[in-house]
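Below: the structure, in structure tokens.
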Amino acid sequence: MTSCVFCKIVAWETPSQRVYEDDSYIAFLDINPINFGHTLIIPRKHYANVDEAPEEEVANLMKLAKKIGPAVVRAVDADAYNIGVNNGRAAGQLVDHVHLHVIPRNEGDGLKAWLGRGRYPEGEMGATAKKIKEVLEKQ
Ligand code: 5GP
Ligand code: ZN
């Protein structure tokens with residue numbers, strides 16, 4: 001897709017700091033890192049998001065995260081890493097070319113990405129689980 005910023009990176013029309021590439025995937029440093037070493041893993045082929053990409057592509061992205069995550073941690077002397085996907089605009093997706101974030105983390109680095117909002121009201125947790133199961137069963 002010619003207008004896609006990540007397709008431009010794949011085509012070297014936009015420069016990037018690549019850390020990994022093979023025939024089907026590339027990984028490069030995020031230009032606006034949460035922590036230094038923050039890496040994005042993408043398929044060379046354009047899919048807008050996880051829902052548009054074939055299962056195998058999504059699985060392969062996770063396989064690569066398992067390979068690249070520990071390497072990033074070692075390289076920047078981190079303690080751990082987050083694997084993240086923002087899937088859709090309301091979830092924070094800004095670039096519509098499916099990608100995984102690998103974010104190195106240090107003990108006490110202050111990033112709190114998953115703040116809970118408190119417990120469900122009485123009965124709501126069971127009702128929510130029931131609804132999700134019903135949708136899954138109809139798929
Ligand atoms: P999203 O919010 O879509 O999950 O994340 C997109 C990420 O792509 C952001 O973290 C942003 O900093 C990164 N990004 C956007 N444009 C560029 C670019 O041209 N080069 C690089 N290296 N990263 C980019
Ligand atoms: Zn693209």
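Ligands are counted one by one from 1 in listed order, and the atoms in each one are counted from 1 as well.
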What do you reckon, does [X] have a nitrogen or oxygen under 3.5 Å from a nitrogen or oxygen of ligand 1?
X      : result
Leu40  : no
Val95  : yes
Gly92  : yes
His101 : yes
Asn86  : yes
Phe28  : no
Asp30  : yes

Could you tell me if the side chain of [Y] sits less than 4.5 Å from the side chain of [X], heavy atoms only?
X      : Y      : value
Val102 : His38  : no
Asn82  : Arg105 : yes
Ile42  : Ile26  : yes
Arg44  : Tyr25  : no

- [ ] Could you tell me whether the side chain of Asp79 and the main chain of Glu107 form a donor-acceptor pair under 3.5 Å?
- [x] yes

Tell me, which protein residue and heavy-atom name are nearest [atom], and how many Å apart are they?
atom                    : answer
atom 3 (O) of ligand 1  : Leu94 N, 2.7 Å
atom 22 (N) of ligand 1 : Leu29 O, 2.8 Å
atom 17 (C) of ligand 1 : Ile31 CG2, 3.9 Å
atom 8 (O) of ligand 1  : Phe6 CZ, 3.4 Å

TODO: Please report the C-alpha distance between Leu61 and His99 in whole Å, then the side-chain angles of each, then the deciding distance to 0.1 Å, and finally whether the side chain to side chain contact (heavy atoms under 4.5 Å, CB included) criterion is met.
DONE: CA-CA 8 Å; Leu61 288 173; His99 54 281; over 6 Å; no

Open item on the list: Regarding Glu134 and Lys131, does a basic nitrogen lie under 4.0 Å from an acidic carboxylate oxygen?
Closed with: no

- [ ] Specify which N/O/S atom of His97 comes nearest to the Zn ion (ligand 2), by atom name.
- [x]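 Restricting His97 to its N, O and S atoms, the minimum distance to the Zn ion (ligand 2) goes to ND1.
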
TODO: Using only N, O or S atoms, tell me which atom of His46 is closest to the Zn ion (ligand 2).
DONE: ND1

- [ ] For the residue pair Asp96 and Asn49, confirm or rule out a side-chain donor-acceptor distance under 3.5 Å.
- [x] no

Open item on the list: Could you tell me if Asp109 and Asn35 have a donor-acceptor pair between their side chains, going purely by distance under 3.5 Å?
Closed with: yes

TODO: Select one of side chain, backbone, both or neither to describe which atoms of Val5 lie under 4.0 Å from any atom of ligand 1, heavy atoms only.
DONE: side chain

TODO: Begin with the C-alpha distance, continue with both residues' side-chain angles, and end with the deciding distance and a verdict on ring pair (Phe, Tyr, Trp, His ring centres under 6.0 Å) for Tyr47 and Phe6.
DONE: CA-CA 11 Å; Tyr47 306 100; Phe6 286 178; over 10 Å; no

Open item on the list: In this structure, does ligand 1 have an atom that sits under 4.0 Å from one of the heavy atoms of Ile9?
Closed with: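 Yes, Ile9 has a heavy atom closer than 4.0 Å to ligand 1.
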
Task: Option of least heavy-atom distance to atom 4 (O) of ligand 1 (set: Arg18, His99, Gln93) - done: His99

